[in-house]
Number of protein chains: 2
Amino acid sequence: MGVTQTRRLSADDWAQAALASIADGGLAAVAVEPIAARLGATKGSFYWHFANREALVDAALRRWEAASTDEVIEAAQTEPDPTTRLRRLFTHVVEAASRDRTEVALLATADHPQVAPVLQRVTERRVGYVSALFAEIGFPPEVARRRGVLAFSAYLGHIQLAHAAPAVLPSSAADRRAHLDEALQALLHGAPH
Amino acid sequence: MGVTQTRRLSADDWAQAALASIADGGLAAVAVEPIAARLGATKGSFYWHFANREALVDAALRRWEAASTDEVIEAAQTEPDPTTRLRRLFTHVVEAASRDRTEVALLATADHPQVAPVLQRVTERRVGYVSALFAEIGFPPEVARRRGVLAFSAYLGHIQLAHAAPAVLPSSAADRRAHLDEALQALLHGAPH
DNA sequence: GCCACACCATACGGTAGCGTATGGGTGTGA
DNA sequence: TCACACCCATACGCTACCGTATGGTGTGGC
């Protein structure tokens with residue numbers, strides 16, 4: 001009984017806890033002692049599993065990169081029509097970002113030498129995916145690419161707004177829907193049918 | 001002669017240096033001792049002008065808020081046509097953000113209790129301005145607002161991309177122009193003439 | 001020419017975090 | 001059951017920073 005678990009910890013437990021710390025406190029919140037306390041352990045445990053803090057950050061980022069690539073695939077793969085797939089992707093990904101703040105938190109430390117390459121890879125994959133979607137809809141490659149970058153920019157800016165100044169975003173469900181319609185209409189204008 | 005200046009420092013000198021630190025190291029870089037070293041002074045000077053670090057951060061943010069409101073006004077006020085004004089605003093503000101990283105840096109600490117209200121005010125003002133521009137172009141108020149929010153989202157996302165994954169953005173001047181055209185075309189589609 | 005005050009340097013104590021050293025406990029295979 | 005690898009706690013030194021205490025210096029007003 002009792003809350004304290006006598007179970008031993010694995011390296012993965014630490015990585016998971018580190019990722020959770022990133023999500024709600026940014027990269028700076030990945031601190032060995034606080035996380036140890038959160039896990040009900042001490043640094044002694046940590047330094048057995050990892051060489052140093054850098055290795056922990058690396059493990060957490062590896063975890064995030066893997067998860068964030070799986071996620072995109074899972075999102076809307078069932079939907080045959082690419083246009084509705086784009087809409088579903090948008091709604092899903094915006095909602096996901098408001099639940100899980102990891103992406104915004106990592107964006108906040110895009111400069112960091114360990115974060116930068118991960119963020120670049122994930123971003124390029126995502127932009128590539130959205131661009132492919134526009135191509136599938138029927139836009140010529142260069143246009144599709146530009147629309148894809150624009151769509152991803154709008155997404156990034158949106159989650160940033162939701163985080164920094166939610167008051168400017170529509171609050172009611174109806175307004176949010178109208179906003180999404182407006183955005184999709186703009187991004188898809190001139191689409192071949 | 002010599003580099004070392006015997007001049008005394010003002011509170012404003014400190015605020016300016018703090019803002020510069022934010023620009024190239026984020027809020028965490030606002031540390032008394034490093035800035036003192038950078039100014040060729042010591043903490044003794046600082047704690048004469050300010051009560052503590054919090055007051056310094058406050059002064060720096062105040063400076064930024066003032067500067068960032070003046071800036072928008074100055075940008076494109078001479079241009080009579082609102083559509084070209086929008087285009088000029090876009091190009092100006094994107095280029096400004098790549099020179100001066102303060103906005104991205106502050107966005108990275110949008111959670112911070114001192115930063116949050118400043119960021120909200122500035123964001124609301126800017127979104128309001130762009131929305132007004134769309135209204136002036138001829139869109140009905142609700143549509144103009146949505147287009148304004150969308151345009152600002154695209155802007156935010158763009159400068160974020162330029163910072164975190166510049167490889168996905170167009171590199172040549174011609175491609176950048178094509179990208180801007182595409183974005184404006186999307187944002188302005190269905191505009192009354 | 002001197003005094004007072006604005007301005008600043010130096011020295012100190014305190015905190016949070018990183019990393020190391022060292023020893024103790026615990027399970028498991030021989 | 002004994003040894004040894006595995007896992008962890010405690011204690012320590014180190015660094016970077018915040019804030020305070022205290023004394024020193026230059027300069028304007030008289």
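It should be emphasised that the depicted structure is a prediction, and the values quoted were computed from it without experimental measurement. What you see below is based on every heavy atom in this structure, not just the backbone, and it leaves out hydrogens, waters and symmetry mates.
Closest to the side chain of T42(A), out of dC18(D), dC8(D), dA9(C), is dC8(D).
F50(A) has its CZ atom 14 Å from the C1' atom of dC7(D), to the nearest Å. In this structure, W48(B) atom CH2 and dC8(C) atom P are separated by 8 Å, rounded to whole Å. Distance L9(B) CG to dT25(D) C1': 15 Å, rounded to the nearest Å. Distance R8(A) CZ to dC7(D) P: 7 Å, rounded to the nearest Å. Rounded to an integer number of Å, the gap from CZ of F46(B) to C1' of dT20(D) is 13 Å. If you measure from atom CZ of R53(A) to atom P of dA16(D), you get 15 Å, rounded to the nearest angstrom. Distance E33(B) CD to dT15(D) P: 15 Å, rounded to the nearest Å. Protein atom CG of L39(B) is 15 Å distant from nucleotide atom C1' of dC7(C), rounded to whole Å.
Crowding of R177(A) atom CZ: a count of heavy atoms from other residues, nucleotides or ligands under 6.0 Å not exceeding 12.
Between the side chains of S10(B) and D12(B), no donor-acceptor pair is found at a separation under 3.5 Å.
Under 4.0 angstrom from either OP1 or OP2 of dC8(D) there lies at least one side-chain N or O belonging to H49(A).
Between F152(A) and Y155(A), the ring planes are tilted. Angles from 30° to 60° get that label.
Between R146(A) and E142(A) there is no salt bridge, since no side-chain nitrogen of the basic residue lies less than 4.0 Å from a carboxylate oxygen of the acidic one.
Of the two residues contacting DNA chain D, namely G44(A) and Y47(B), the nearest-nucleotide position lying further toward the 5' end is that of G44(A).
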